[in-house]
Amino acid sequence: MKRKYFAYPYIVWMILFIAVPMLFIFYYAFNVGGQWTAESFVKTLKNLGYWHTLLRSILIALTTTVICLLLGYPIAYILSNMKKSVAGFISILFFVPMWMNFVLRTYSWYAILEYALPKMLGLKPMTGTLGAVLLVLVYDFLPFMVLPLYNSLSKLDKSLLEASRDLGANGVTTFFRVVLPLSIPGIVSGITMVFVPAITAFTVPVLIGNSNYQLYGNEIEQQFIHTNAASGTDFSVGSTLALILLVCVMISTLIMNHFDKDKEGGSIL
Amino acid sequence: MKRFGRSLKYVYLGAMLLFLYLPIIYLIVFSFNDFGSGRHISYSNLGKWNGFTFENYGTVFAGDAGDALKTTLIVAGISSVVATIIGTAAAIGINSMKKRTRTAVLSVSQLPMVNPDLVTGITFMMLFVFINSLLTKINVRIGDVPSLLIAHISFSIPYVIFSVLPRLKQSSDMLYEAALDLGCSPLKALLKAVIPDIMPGISTGFIMALTMSLDDFVVSYFVSNHTKVLSTYIYSSARVTRGVNPALATVIFIPLVTMLIAVNVRRLAKEREYEVQNKKVRLKDKGGIAK
């Protein structure tokens, strides 16, 4: 018996439950009530409201990504310069929250922003603001930025830094001319791990934004799950929106691959 | 100046850790808060300290939360075991495939890893709605728990495959052939020769599958109609009543930390040993120079 037969159960599974489900997006986007038609597809594309939400989500996700990068890079850099055993322990501390149920953490931010902070500082409740939504998005995705950055920075050959120093560069020059360019694979995979999930993070606007500042993920979610009595669900609209999302994901992956020529980057924990 | 710089680093790391742990600490502190107003417990005001009590821990898994926990554990347990078995077998098969087939299979396998969770969730939802609409004719339908299991197994298998494959690449191809030559049946050769060699990869894959399943919210949210897992239970009670028992945070957090530390302690110990060894070597070198 050849060993490749061991993969056959998986290949059947993969076709049934990974490949076929993906086809349903196309099926529902172009098939209404058993009829193949592009009518619903075109109608959804012409609805400017969806494009508006998409644009806003991209802006919010970009802001989140930039803030995560600015906060996360120093963390990863400091950790990568520590002794291996100390850094190992502290880095685990940074990644533990990643595995803690994120709905629960998001809910906790609701309580903090709605009750605790306003009471302490004598302010109005802060939920429902753009600032609150951004804060929680940054909170949720920061570890996903730090992880690949840390992986890439800790692999960096320290003798390169010594070489740069020996050749007369000061700390700042060494950082910008040696460390930063060499950590680009980490930056790239950090951005991909934050940007796309941030566009689709539909729970945050619901729990923190009091349904203001809806993200693109909310538009898709509402076409599949009854969230309020006012709007109905529509698989065909939802599938079209999901197709647009997949195109955005593909574009961002292509852009990122262009920057990440070495195809390295960090792995998932 | 240098010392100032160093302490600044620790202050920054400390501040970031505080930011990351603030909501968790907040819930754990408030899990000891007395929420009882009259005899009815209301979690909707999580900001007001009324006094110390253990009462929240008594009720943490009462009613829906307990059912949700049970479903979560059942789904995570079964799906991670099944995913590990199918995934390990798949990795062994894929490893011996020709390059072109292997690339094709691996790129489809990556779909659940690169797709946004949301897309994975809605595709499964549409699949099950479609299948159930066909099955109504014969009065059968796929229930919530089987749907959850299928979905969780599907998104876990790729993580198992990609944990086992690197191990397989390291281990020798001859091992399996040798076992066959020595009279093992293919299955026995696999169990006795190949599996023990790739065990670390399998256990990493299993832990990944387990944590992915325990932590999943988005896919379960779309796949399951009425049955709730812990994360969808938390979401619906947070959204509808704005109230979740904060004791849940402690109950989830403590086992999680214990597990992560247990998994990582061995790795850390190894790194520490390596460091000490290095130091010894360096000291020896210095000693050599002094002579």
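In this text the structure is predicted, and so the values were computed from the model without any measurement. Order of the sequence lines sets the chain letters (A, B, ...), proteins ahead of strands, with each chain counted from 1.
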Under a 4.5 Å heavy-atom cut-off, does chain B meet the side chain of [X], its backbone, both or neither?
X: A:Met82; result: side chain
X: A:Pro74; result: both
X: A:Glu221; result: both
X: A:Leu104; result: both
X: A:Val206; result: both

Toward chain A, the part of [X] with a non-hydrogen atom under 4.5 Å:
X: B:Phe162; answer: neither
X: B:Leu118; answer: side chain
X: B:Tyr12; answer: side chain
X: B:Leu20; answer: both
X: B:Leu111; answer: side chain
X: B:Phe253; answer: both
X: B:Thr232; answer: neither
X: B:Val108; answer: both
X: B:Met125; answer: side chain
X: B:Val194; answer: neither
X: B:Asn115; answer: side chain

Any idea which heavy atoms bring [X] and [Y] closest together, and the distance?
X: A:Pro118; Y: A:Pro125; result: CG-CA, 3.7 Å
X: B:Ala83; Y: B:Val160; result: O-CG2, 3.9 Å
X: A:Leu54; Y: A:Cys248; result: CD2-SG, 4.1 Å
X: A:Met145; Y: A:Cys68; result: CG-O, 3.6 Å
X: B:Val244; Y: A:Tyr107; result: N-OH, 3.2 Å
X: B:Leu175; Y: B:Ala193; result: CD2-O, 3.4 Å

Can you say whether the rings of [X] and [Y] are parallel (under 30°), tilted (30 to 60°) or perpendicular (over 60°)?
X: B:Tyr235; Y: A:Phe202; value: perpendicular
X: B:Phe222; Y: A:Phe224; value: perpendicular
X: A:Tyr77; Y: A:Tyr73; value: parallel

Considering only heavy atoms and a distance below 4.5 Å, find which of [options] pairs most often with chain B.
options: A:Leu142, A:Val146, A:Thr203; answer: A:Thr203
options: A:Val196, A:Thr200, A:Ile75, A:Asn81; answer: A:Ile75
options: A:Leu79, A:Ile199, A:Asn101; answer: A:Asn101
options: A:Leu71, A:Ile11, A:Leu245; answer: A:Leu71

Who among [options] has the most heavy-atom pairs with chain A under 4.5 Å?
options: B:Met126, B:Lys9, B:Met16, B:Met212; result: B:Met126
options: B:Arg102, B:Arg239, B:Lys98; result: B:Arg239
options: B:Leu190, B:Ile252, B:Asn95; result: B:Leu190
options: B:Leu230, B:Ile161, B:Thr88; result: B:Ile161

Flag for B:Ser109-A:Tyr10: side-chain donor and acceptor within less than 3.5 Å =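 Yes, a side-chain donor-acceptor pair sits under 3.5 Å.
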
A:Tyr110 and A:Asn210: side chain to side chain contact (heavy atoms under 4.5 Å, CB included), yes or no, with the steps?
-> CA-CA 10 Å; A:Tyr110 169 80; A:Asn210 299 338; 4.2 Å; yes

Name all residues meeting the side chain to side chain donor-acceptor pair (under 3.5 Å) criterion together with A:Tyr139; count only those two or more places apart in sequence or in a different chain, and write none if there are none.
->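 Expected list: none.
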
Which residues pass the side chain to side chain donor-acceptor pair (under 3.5 Å) test with A:Tyr150, sequence neighbours left out?
->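 In terms of side chain to side chain donor-acceptor pair (under 3.5 Å), with neighbours along the sequence ignored, A:Tyr150 is linked to no residue.
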
If only atom types and distance count, is the side chain of A:Asp140 paired as donor or acceptor with the main-chain N or O of A:Leu137 below 3.5 Å?
->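 Flag not set: sc A:Asp140 to bb A:Leu137 has no pair under 3.5 Å.
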
Verdict with supporting geometry, B:Val229 and B:Asp216, side chain to side chain contact (heavy atoms under 4.5 Å, CB included) = CA-CA 9 Å; B:Val229 292; B:Asp216 172 68; 5.9 Å; no

For B:Val251 and B:Leu69, what are the C-alpha separation, side-chain angles and deciding distance, and is it a side chain to side chain contact (heavy atoms under 4.5 Å, CB included)?
-> CA-CA 11 Å; B:Val251 177; B:Leu69 176 76; over 6 Å; no

Looking only at heavy atoms, which of residues 235-244 of chain A get nearer than 4.5 Å to chain B?
->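 Expected list: A:Phe235, A:Ser239, A:Ala242.
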
Which distance, rounded to the nearest 0.5 Å, do you find between the OG of B:Ser79 and the CG of B:Leu210?
->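 That separation rounds to 7.5 Å.
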
Contacts under 3.5 angstrom, residues 14-30 of chain A side chains, donor-acceptor by atom type, not counting sequence neighbours:
none

